[in-house]
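Structure first, commentary second.
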2 protein chains.
Amino acid sequence: MSNSSNKSVTLKEVAEAAGVSVSTASRALSGKAEACRISSATEQSVREAAKKLQFSPSLLARSLRSQQTKLLGVVLPNVANPFFAAIAREITLAAEADGYSVLLTDSQENGETEARLVEQLQARQIEGLVVCPVGMDETHLCKLANQKLPLVLVDRGFDNRDLVTVTSDHQSGARIAMNELLDAGHRTIGILQGLPETLPNRERLSGVQDSLSAAGLDFDPMLIAGHHFDEASGYQAALRLLTTRPEITALFAFSNQNALGALRAAAEMGRAIPDDLSLIAFDDFPFAAYLAAPLTSVSQDVSQLGQVAAQLLLEQIRSSVPPEQKQYRIPVQLMRRSSIKNIG
Amino acid sequence: MSNSSNKSVTLKEVAEAAGVSVSTASRALSGKAEACRISSATEQSVREAAKKLQFSPSLLARSLRSQQTKLLGVVLPNVANPFFAAIAREITLAAEADGYSVLLTDSQENGETEARLVEQLQARQIEGLVVCPVGMDETHLCKLANQKLPLVLVDRGFDNRDLVTVTSDHQSGARIAMNELLDAGHRTIGILQGLPETLPNRERLSGVQDSLSAAGLDFDPMLIAGHHFDEASGYQAALRLLTTRPEITALFAFSNQNALGALRAAAEMGRAIPDDLSLIAFDDFPFAAYLAAPLTSVSQDVSQLGQVAAQLLLEQIRSSVPPEQKQYRIPVQLMRRSSIKNIG
DNA sequence: TTAAGATGCACAATCGATTGTGCAAAGGGG
DNA sequence: CCCCTTTGCACAATCGATTGTGCATCTTAA
């Protein structure tokens, strides 16, 4: 009964079944019957033929003709990372709601891969693009913006203020975290940083510095370690800091994965949390409250991040002009638990 | 200097720039110069023109003509869930390596949404589809398979053995988990189940039953609670079981989110883990080892799951015949930690 | 009865690439 | 010198939909 071939029904076949021309069939099905003076009898027979044949128009052909692909591109450094996955989801849902489909790609935290993926997406005539950029080179992205391709950067960004960017308020997040430690009496605080060249990392370092200056303390670069947002970096960095600077009483991990590494390192060094070492992390996660030492963290509103990015992109596509405001900051929230000991 | 309009360069413009016809330009650029007797001089001038104009062929037009979109579809119940995100990533990477792009969609754990998304993807002429199906209705998916659209089901599946399916070995995973509890002397074990109608859930229940029978114990349906794989369900189910059946000494959570809910419920009931209550969960996660009671769990090899699904799909597309073997089982692994107390 | 206007639909161009076919010009052999 | 082959490329159809235009037929009024 049902069509068992793999090629789909075309408008031409529908038109023949209804005994009309392709153009008439097209107009009948696209609701332009009135405007194009198609008799309702004809319209009905076309509709019936389409239903009977299970006609589904080729979006490919339609896109080619209309120059509207209804496709969005998304480039993320690691789709499997729950943080980016949450962003991907928000964009996907928002896109779907607006009739768009999402081409998802993974740059594997590699700038060249990112550039290649962006070109590939462009070749597919995407109407808009969300990127969480890797590295410090923004030229390939500026080029897109110059070509009038709606573009939104999310989570990470550049110093270039011309690109539409949605990020958490990393700087005040870091300030809040540091203040929490300082208020608890900590004075020698190790920083487990992530990818050094990323904007979030730099802004967080800046927040750390702000906080220290406000407290009249020096910023000691030797108290910073780490090179990535992953567990391994957190582990190595924590191990090194705790070994070279045993007077450290608290660690500030720039990601929850870094915190995980810190947990492992602390366990190996025989330092219990929070009694022998305090810990705070950027980026909350579901199990944070159930850890041996419920982890105090700065929570990013990832859903909000994704939603705002998606809305900015869709709005940009609709209006075909970039928004006036380029920089969007999503507030963070301190989740106060019990991984910090008051040693004041 | 660079093109600042948003419309891209067409082959026609390249051809004009090189002073040749569109067909010649096409052949020169697609490496068919030799075969189509294009002089190397002409080929060079076309290539140069293309480079100068930054020509990038429209994949839309190419797809329409060649009937090859190089597009894959992926439908997952919740893209933000790290488990599904990991699957999405593996598929994305494998696809990219083979020149395919991935259209990612989120069915929001809703069968009708899933069916709608699948149709939409079909309208985009995807060449293959990976679905983690929601619900028990497989008709819309069988239809696809009948239409010769390469299809792979992942994580979840149906009793229908004709659809290519890649899942963890849920049944033996559940057996392993139950045996771990039984070996530790537990006899009254509460089950926190996930979505009841899903295959993983049913297979896990089946594994539970196997294990109990082998131990000569009865399977008490009243010891099962829960309706979803999320935290809320785990919490409510655990609360109910621990209230109505206080003699329970151990819980088996069917997902890590369920386990999280159980953790919350146990805390509220004043039952410490593992001393007052043992816990084991299906599905490991990075922080499992750092919980107050390091959680023993059955770990699924999610990457493997995604990779196998991707390879099966790509192979199916290449050979244009479904594989002979339809069911693929990925082994699970017990991660023995310390959330189970030996009460033997 | 006939010209003007309304009605209903088909023809054909178009989007941007690919590809089968055909036609010149150049080259070679008898 | 002519015919035949090879070389080099252009023409045109095609993929499947959308859309401007034009042509019949029918209606209505003078």
Side-chain angles (χ1 to χ4, degrees), chain A residues 5-47 49-50 53-71 122-127, chain B residues 5-47 49-50 53-71 122-127:
Chain A
S5 84
N6 60 0
K7 63 180 295 299
S8 52
V9 183
T10 72
L11 187 57
K12 190 179 170 189
E13 305 177 59
V14 174
E16 282 169 4
V20 298
S21 75
V22 186
S23 47
T24 301
S26 171
R27 291 190 246 248
L29 292 176
S30 54
K32 291 171 188 161
E34 300 264 337
C36 291
R37 298 177 318 206
I38 306 293
S39 70
S40 54
T42 303
E43 182 184 351
Q44 276 314 308
S45 76
V46 172
R47 295 210 119 93
L53 297 175
Q54 299 198 51
F55 170 71
S56 159
S58 162
L59 295 188
L60 224 53
R62 178 178 292 179
S63 296
L64 180 59
R65 170 66 219 225
S66 67
Q67 302 293 64
Q68 298 225 339
T69 54
K70 286 287 184 178
L71 281 176
Q122 249 195 309
R124 288 208 186 265
Q125 333 268 101
I126 52 170
E127 292 183 36
Chain B
S5 84
N6 60 1
K7 64 179 295 299
S8 51
V9 183
T10 72
L11 188 56
K12 190 179 170 189
E13 305 176 61
V14 174
E16 280 169 4
V20 299
S21 74
V22 185
S23 48
T24 301
S26 171
R27 290 188 245 250
L29 292 176
S30 53
K32 291 172 188 160
E34 300 264 337
C36 290
R37 299 177 319 205
I38 305 293
S39 72
S40 53
T42 304
E43 181 184 349
Q44 275 314 307
S45 76
V46 172
R47 295 210 119 93
L53 296 176
Q54 301 197 52
F55 170 70
S56 158
S58 161
L59 295 188
L60 223 54
R62 178 177 292 178
S63 297
L64 179 60
R65 170 67 218 227
S66 67
Q67 303 291 61
Q68 299 224 339
T69 54
K70 286 288 184 178
L71 281 176
Q122 249 195 310
R124 288 208 186 265
Q125 332 269 98
I126 52 170
E127 292 183 37

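Quick caveat, the model's predicted, so the values are computed rather than measured. Here is the naming used below: chain letters follow the sequence lines, and residue numbers restart at 1 for every chain.
Closest heavy-atom contact between E127(A) and Q68(A): OE2-C, 3.3 Å. For L64(B) against A61(A), the heavy-atom pair with the smallest separation is CD1-CB, 4.0 Å. A pairwise comparison of heavy atoms in E13(B) and L53(B) identifies O-CD1, 3.9 Å as the closest pair.
Between Q68(A) atom CD and dC15(C) atom P the separation is 16 Å, expressed in whole Å. One can place CG of L64(B) at 9 Å from P of dA17(D), the figure rounded to the nearest angstrom. Put simply, CG on L59(B) is 14 Å from C1' on dT18(C), counting in whole angstrom units. Rounded to an integer number of Å, the gap from Q44(B) CD to dC9(D) P is 13 Å. Regarding Q67(A), its CD atom lies at a distance of 14 Å from the P atom of dT14(C), rounded to whole Å. Straight-line distance from the CG atom of L11(A) to the C1' atom of dA17(D): 7 Å, rounded to whole Å. Taking atom NZ on K70(A) and atom C1' on dA17(D), their separation rounds to 17 Å, with Å as the unit. Summarising the geometry, the separation between NZ on K12(A) and P on dA10(C) is reported as 15 Å, rounded to the nearest angstrom.
Residues G19(A) and S66(B) each lie close to DNA chain C; by heavy-atom proximity, the contact nearer the 5' end of the strand is made by G19(A). DNA chain D is contacted by both T24(B) and R65(B); T24(B) maps to the nucleotide lying nearer its 5′ end (nearest heavy atom per residue).
For S23(A) and dC11(C), a side-chain-to-base donor-acceptor distance below 3.5 Å is present, hydrogens and geometry of angles not being considered.
Set against dT18(C), dC9(D), dT18(D), the side chain of I38(B) has dC9(D) as its closest nucleotide. Set against dA17(D), dG16(C), dC9(D), the side chain of S58(B) has dG16(C) as its closest nucleotide. Nearest nucleotide to the side chain of V20(A), out of dG16(C), dA10(D), dA10(C): dA10(C).
Using a 4.0 Å cut-off, no side-chain N or O of Q125(A) falls inside it from OP1 or OP2 of dG16(C). OP1 or OP2 of dC9(D) lies within a sub-4.0 Å distance of a side-chain N or O belonging to T42(B). S63(B) has no side-chain polar atom (N or O) that falls below the 4.0 Å cut-off from OP1 or OP2 of dC15(D).
By the 4.5 Å heavy-atom criterion applied to side chains, R62(A) and L59(A) are counted as neighbours. Q125(A) places a side-chain heavy atom less than 4.5 Å from the side chain of S8(B). Under the 4.5 Å side-chain criterion, counting only non-hydrogen atoms from C-beta, L11(A) is in contact with L29(A).
Residues from residues 26-37 of chain A with heavy atoms under 4.0 angstrom of DNA chain C, sorted by number: R27(A), C36(A), R37(A).
Annotation: the span from R37(B) atom CZ to T42(B) atom OG1 amounts to 13.0 Å, rounded to 0.5 Å. Note that the CD1 atom of I38(B) and the OG atom of S26(B) stand 9.5 Å from one another [nearest 0.5 Å]. Interatomic distance, E43(A) CD to K32(A) NZ, rounded to the nearest 0.5 Å: 13.0 Å. Considering OG of S21(A) and CD of E16(A), their distance stands at 11.0 Å, rounded to 0.5 Å.
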Distances for protein N/O vs nucleotides 25-28 of chain D N/O pairs under 3.5 angstrom?
none

